[in-house]
Amino acid sequence: TGLLVVAERDGSAFRVVARRSGAQSFIDNGIAWSPDGTRIAAAVFIDQRTRAKIAAFDLRSGAAKYMSAQSWLNIGRMVWRNSGLLTIAADHQSNAMQVIEIGGDGQTKLVTRDLNGYRSLDASADGSRLVTVQSQRASSSIWIARASDAGAATQIPAPNGRYYGVSWLDGSRVVTRMDLSGAPEL
């Protein structure tokens, strides 16, 4: 059984928002707060771990509503902005994790369209820029783009290696876990 739980920062007011079990379990790495703080988006399997969707759970009632009719093979990190939800997901045809946007109307669109895979995702505090880790065979790259124009992404100059996750520290710096010398570093 998987539980979606919330609490205050100090651990008080701990409570269960939703419970899922069996074939309809939560996916461990996909969760995001709505911009207004009333819902939580969570990645969930909808059958025998072969199809996944994103559900928005109401914090008061625990009621779930799928954010799109689209299902994916796997869903990763997500960021919920006012204009919609961004996530890393793999469809059933390509099996490559891509950056996808789900609009408020439930329509999905690919933000990235290439043969590479993506493993992490975050947005700047104002939601105007995205950062992701792009996986290329033996190395990874970090790319930054304006949320309104992901096609104009620029690569952050960095040493060759593997980058495993990425988050904004503030509006101008990112932090990542990387493996440049055979040992993980920040």
Chemist: Could you work out, with side-chain contact (heavy atoms from CB on, under 4.5 Å) as the rule, every residue matching Arg113, not counting sequence neighbours?
Modeler: Leu110
Chemist: Please report the interatomic distance CD(Gln24) to CZ(Arg51), rounded to the nearest 0.5 Å.
Modeler: 10.0 Å
Chemist: Run the side-chain contact (heavy atoms from CB on, under 4.5 Å) test against Thr87 and tell me which residues pass, sequence neighbours left out.
Modeler: Ile54, Ile75, Met78, Leu85, Ala89, Ile100
Chemist: In chain order, what residues pass the salt bridge (charged side-chain N to carboxylate O under 4.0 Å, His left out) check against Arg60, with sequence neighbours excluded?
Modeler: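 Scan of Arg60 (salt bridge (charged side-chain N to carboxylate O under 4.0 Å, His left out), adjacent residues dropped) gives none.
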Chemist: Would you find a donor on one side and an acceptor on the other, under 3.5 Å apart, between the side chain of Lys53 and the backbone of Ile46?
Modeler: no
Chemist: Per the salt bridge (charged side-chain N to carboxylate O under 4.0 Å, His left out) rule, what does the pair list look like for residues 65-76, sequence neighbours excluded?
Modeler: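 Non-adjacent pairs meeting salt bridge (charged side-chain N to carboxylate O under 4.0 Å, His left out): zero.
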Chemist: What distance separates Ser124 OG from Leu130 CG, expressed to the nearest 0.5 Å?
Modeler: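 Spacing of OG (Ser124) from CG (Leu130) equals 7.5 Å.
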Chemist: Please give me the minimum heavy-atom distance between Ala55 and Ala64, naming the atom from each residue.
Modeler: CB-CB, 4.3 Å
Chemist: Determine whether Thr132 and Ile142 make a side-chain contact, defined as any pair of heavy atoms from C-beta on separated by less than 4.5 Å.
Modeler: no
Chemist: Spell out, yes or no, whether Met97 and Val111 are grouped together once hydrophobic residues are joined by side-chain heavy atoms under 4.5 Å, including indirect joins.
Modeler: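 As far as the 4.5 Å side-chain criterion goes, Val111 and Met97 are connected within one cluster.
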Chemist: If the condition is side-chain hydrogen bond (donor to acceptor under 3.5 Å, both in side chains), which residues does Ser148 pass it with, not counting sequence neighbours?
Modeler: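 Expected list: none.
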Chemist: Looking at Leu73 and Phe45, what are the two nearest heavy atoms and their distance?
Modeler: O-CE2, 4.3 Å
Chemist: Under 4.5 Å between side-chain heavy atoms, hopping through other hydrophobics if needed: is there a path connecting Val17 to Tyr66?
Modeler: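 Same cluster.
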Chemist: CZ/Arg20 to OG/Ser25 distance, rounded to the nearest 0.5 angstrom?
Modeler: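 Interatomic distance, Arg20 CZ to Ser25 OG, rounded to 0.5 Å: 8.0 Å.
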Chemist: Could I get the full list of side-chain contact (heavy atoms from CB on, under 4.5 Å) partners for Ser68, not counting sequence neighbours?
Modeler: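 For Ser68, the residues satisfying side-chain contact (heavy atoms from CB on, under 4.5 Å) (neighbours in sequence not counted) are Gln70, Ile102, Thr108.
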Chemist: Would you check if there is a donor-acceptor pair between the side chains of Gln134 and Trp143 at a distance under 3.5 Å?
Modeler: yes
Chemist: Over all heavy atoms of both residues, which pair between Ile88 and Tyr118 is shortest? Give the atoms and the distance, please.
Modeler: CG2-O, 3.1 Å
Chemist: Holding to side-chain hydrogen bond (donor to acceptor under 3.5 Å, both in side chains), I want the full list of residues that pass it with Asn82, two or more places apart in sequence or in another chain.
Modeler: none
Chemist: side-chain hydrogen bond (donor to acceptor under 3.5 Å, both in side chains) with Arg39: which residues, sequence neighbours excluded?
Modeler: none
Chemist: With sequence neighbours left out, what residues match Thr112 under side-chain hydrogen bond (donor to acceptor under 3.5 Å, both in side chains)?
Modeler: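 Listed in chain order: Gln98.
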Chemist: Any side-chain heavy-atom pair from Leu59 and Trp33 closer than 4.5 angstrom?
Modeler: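 The answer is yes, as the side chains (C-beta and beyond) meet within the 4.5 Å cut-off.
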Chemist: For Leu4 and Ile31: C-alpha separation, side-chain torsions, deciding distance, then whether side-chain contact (heavy atoms from CB on, under 4.5 Å) applies.
Modeler: CA-CA 9 Å; Leu4 181 62; Ile31 190 168; 3.4 Å; yes
Chemist: How close do Ala18 and Gly62 get, heavy atom to heavy atom, and via which atoms?
Modeler: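 Ala18 and Gly62 have their closest heavy atoms at CB-O, 4.3 Å.
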Chemist: Restricting to side-chain contact (heavy atoms from CB on, under 4.5 Å), what partner residues turn up for Asp122, sequence neighbours left out?
Modeler: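 So Asp122 forms a side-chain contact (heavy atoms from CB on, under 4.5 Å) with Arg77, Val79, Val131, Ser167, Trp168.
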Chemist: To the nearest 0.5 Å, how far apart are CD in Gln155 and CD1 in Ile144?
Modeler: 10.5 Å
Chemist: So which heavy atom on Ala42 is nearest to which on Phe57, and how close?
Modeler: CB-CE1, 3.8 Å
Chemist: How far apart are the closest heavy atoms of Trp72 and Ala90, and which atoms are they?
Modeler: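 Heavy atoms only, the tightest pair is CB-O, 3.2 Å.
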Chemist: Measuring from atom CZ of Phe26 to atom OG of Ser21, what distance do you get when rounded to the nearest 0.5 angstrom?
Modeler: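 Reported to 0.5 Å precision, the distance equals 10.0 Å.
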Chemist: Scan for salt bridge (charged side-chain N to carboxylate O under 4.0 Å, His left out) pairs involving residues 6-17, sequence neighbours excluded, and state none if there are none.
Modeler: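 Sorted pair list comes back empty.
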Chemist: Strictly by salt bridge (charged side-chain N to carboxylate O under 4.0 Å, His left out), give each pair with a member in residues 100-111 just once, sequence neighbours left out.
Modeler: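 Counting only pairs at least two positions apart or across chains, the salt bridge (charged side-chain N to carboxylate O under 4.0 Å, His left out) contacts touching residues 100-111 are Arg81-Glu101, Glu101-Lys109.
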Chemist: Could you walk me through whether Asn74 and Ile27 satisfy the side-chain contact (heavy atoms from CB on, under 4.5 Å) test, starting with their C-alpha distance in whole Å, then the side-chain angles of each, then the deciding distance to 0.1 Å, before giving a yes or no?
Modeler: CA-CA 8 Å; Asn74 195 9; Ile27 298 174; 4.2 Å; yes
Chemist: Does Val166 offer a backbone N or O that forms a donor-acceptor pair with the side chain of Ser120 under 3.5 Å?
Modeler: yes
Chemist: Could you go through the side-chain contact (heavy atoms from CB on, under 4.5 Å) check for Trp80 and Asp36 one step at a time?
Modeler: CA-CA 10 Å; Trp80 200 339; Asp36 65 6; over 6 Å; no
